[in-house]
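Step one of this worksheet: look at the structure below.
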Amino acid sequence: MKRPIYIFSDGSLRRKNNTLYFESEGVQKFIPVENTSEIYIFGEVELNKRFLEFLTQSEIILHFFNRYGYYVGSFYPREYLNSGYMILKQAEHYLDPNKRLYLAKAFVEGAYKNMRQILKYYQSRGIDDLKIYIEQIENLFSKINYTNDINSLMAIEGNIRQTYYSAFDLIIDKDEFKFEKRSKRPPKNALNTLISFGNSMMYTIVLSEIYRTHLDPRIGYLHATNFRRFTLNLDVAEIFKPIIVDRLIFSIISKNMLKPEHFEQDLEGIVITDFAKKLFIDELEQRLSTTISVKNIGNYVSYRQLIRIELYKIEKHLMGEKEYQPYVTQW
Amino acid sequence: MEKAFDIKGSIVQAYIVCKRQAWLLSRNIGPSSDNPFLEIGKLISQEYYKNDKKEVYFDGVVLDLIRQEDEVLLVGEIKRSSRAKNAAILQLKFYLYKLFKNNIKARGKLLIPEEKKTFDVELTTDDIEEIETLTEEIALFLYSQLPPQPQKIKACSKCSYKEFCWA
Ligand code: SF4
């Protein structure tokens, strides 16, 4: 099994023979390429072109985060599963407004249904006040039928998510982790910081999975393509954020695994400490390898495989083989 | 699509086992590379036959291994198991056919190192005819806009398209 490598310390990454080599304050580490799926860099790390070439050859993608835990960017090696056919199909579905709208709506629908499942779950656990939030997002979603353009679709999605987030205080119910309102760049409180970090992780996870398919991450449908950035990963991540990131946040907080001291006040906002990042990533890895049963596929698949399968479903939709229906948790 | 598809050996082999796979390959929709069986395949060919030329590109096909023997060229095709033996033999014959068309005399050997088995493969005139009919049939088949629906067959369980097909 290939696994991601996470680097928190400062140091340098090199190629040594056919192995990845990391040196940090005199400590040396060899990392075999065969076992590495991708690398996350959180510390200050030096690397050179020879190293990047080696990553390309070994089909390993690199994600950079700055010291505040904000996503900086990824080194996305030349695609090795290149299919001109698939890229044409992807472009076709982007250029045709109806085809693009179909996919964009599907992503919003998937995100909405999963958010709704989360709220329903906690409602069934006795948080009755969630009822109004559920009704509100149901109302918002019903407007999607009359929507014919991406911008209004984005607006509906934004409103749904806002309503959903504002229900977090009812679910978490802890003074140290109040949601208040969504704040980004920089987040104004610990919960917002955690959400931002989790979402960034989700974007990179989906990007890594896209790298293992024939899809081009630069062509998204809900998130406008500007031909410079990755957008398809943002689209697909919307579906998985509630069931992977948010559920994880609820469980970490309710088990008191994270405390306010794991966050620090910076000049402008609240930043996440390395301890909290590591803890979150450990839990995230566990969640991603948790298996569930999915109809059609039959046997048990992990959440990570589930993301890959979602991408395959999109490929089949693009090919005209099978209409895409987003994954909705059974929870 | 106006352009005829490049019919590679892997497509011929796939066509015998599963037509859907052949269609996907023709569109360069390659299998996901993290399938453990593919990795094993790679390792096997790295591990064995260290002294031979490997992965030789020739007229649009990749020959696993070649070795000069007397006046003829020996072309080896390395497989993990004898599971899809017939398709593998046909694939090898297709390579021999390509070489024959380029006036290169060659004979083939199917190599299954893990089972310590080898099979000699020769190209007969009947084979030539059969291959020509088959490639025409494949070319025609590949024109179709959609791949055939996946069908649960024995090969599916170890196929690296599994997740894609049943997604
Ligand atoms: S999974 Fe089955 S149907 Fe799909 S390509 Fe493989 S053998 Fe063919």
Side-chain angles (χ1 to χ4, degrees), chain A residues 1-4 18 33-38 58-61 77 79-90 92 208-215 294-302 304-327, chain B residues 1-8 10-11 14 18-47 55 60 62 141-154 156-167:
Chain A
M1 250 309 260
K2 294 191 177 201
R3 321 187 136 278
N18 280 323
V33 272
E34 309 84 63
N35 302 343
T36 308
S37 56
E38 68 230 272
S58 320
E59 298 159 3
I60 295 172
I61 176 170
E79 285 170 72
Y80 65 99
L81 282 176
N82 214 327
S83 165
Y85 166 82
M86 196 56 87
I87 291 178
L88 279 181
K89 288 283 165 195
Q90 231 186 308
E92 178 192 320
S208 297
E209 291 304 312
I210 291 177
Y211 181 60
R212 316 245 168 245
T213 69
H214 318 90
L215 295 166
V294 179
K295 58 172 195 246
N296 288 338
I297 310 284
N299 51 7
Y300 285 77
V301 295
S302 68
R304 200 184 270 280
Q305 279 170 300
L306 201 63
I307 298 170
R308 176 81 63 86
I309 289 167
E310 202 66 9
L311 299 171
Y312 289 150
K313 279 158 62 182
I314 294 167
E315 289 191 346
K316 288 169 128 180
H317 175 84
L318 298 172
M319 288 163 64
E321 240 202 323
K322 194 173 175 189
E323 230 175 46
Y324 173 63
Q325 300 290 341
Y327 172 78
Chain B
M1 268 174 228
E2 313 90 44
K3 193 187 162 288
F5 294 94
D6 228 10
I7 298 180
K8 302 186 201 108
S10 50
I11 293 185
C18 167
K19 291 186 182 179
R20 176 176 170 82
Q21 202 179 96
W23 192 97
L24 294 171
L25 276 174
S26 75
R27 265 64 171 184
N28 236 325
I29 302 177
S32 60
S33 67
D34 45 4
N35 181 299
F37 297 108
L38 273 185
E39 294 283 321
I40 292 168
K42 246 197 205 164
L43 284 179
I44 289 177
S45 42
Q46 276 166 15
E47 192 72 13
E55 301 225 345
V62 188
F141 161 77
L142 291 180
Y143 270 111
S144 108
Q145 287 284 318
L146 280 177
Q149 286 292 312
Q151 238 128 41
K152 277 238 171 14
I153 54 172
K154 261 216 328 257
C156 293
S157 68
K158 285 184 178 171
C159 176
S160 31
Y161 284 100
K162 189 169 55 183
E163 265 110 12
F164 176 83
C165 283
W166 308 107

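Source: prediction; values computed, not measured. Throughout, a chain's letter reflects where its sequence line sits, starting with A, and its residues are numbered from 1.
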Please report the closest heavy-atom contact between [X] and [Y], naming both atoms and the distance.
| X | Y | result |
| --- | --- | --- |
| N28(B) | S83(A) | O-CB, 3.3 Å |
| F164(B) | E315(A) | CE1-OE1, 3.1 Å |
| Q145(B) | Y85(A) | O-OH, 4.3 Å |
| P150(B) | E321(A) | CD-OE2, 4.2 Å |

Please enumerate all residues that pass ring-ring contact (aromatic ring centres under 6.0 Å, His included) together with Y324(A), with sequence neighbours excluded. F107(A)
List the residues meeting side-chain hydrogen bond (donor to acceptor under 3.5 Å, both in side chains) with S302(A), not counting sequence neighbours, and say none if there are none.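 side-chain hydrogen bond (donor to acceptor under 3.5 Å, both in side chains) check on S302(A) returns Q305(A).
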Please flag which part of I29(B) lies under 4.5 Å from any non-hydrogen atom of chain A: side chain, backbone, both or neither. both
Please state whether the side chain, the backbone, both or neither of L25(B) comes within less than 4.5 Å of a heavy atom of chain A.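 Neither part, no heavy atoms under 4.5 Å.
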Sort out for me which of K313(A), M319(A), M86(A) touches chain B most, counting heavy-atom pairs under 4.5 Å. M319(A)
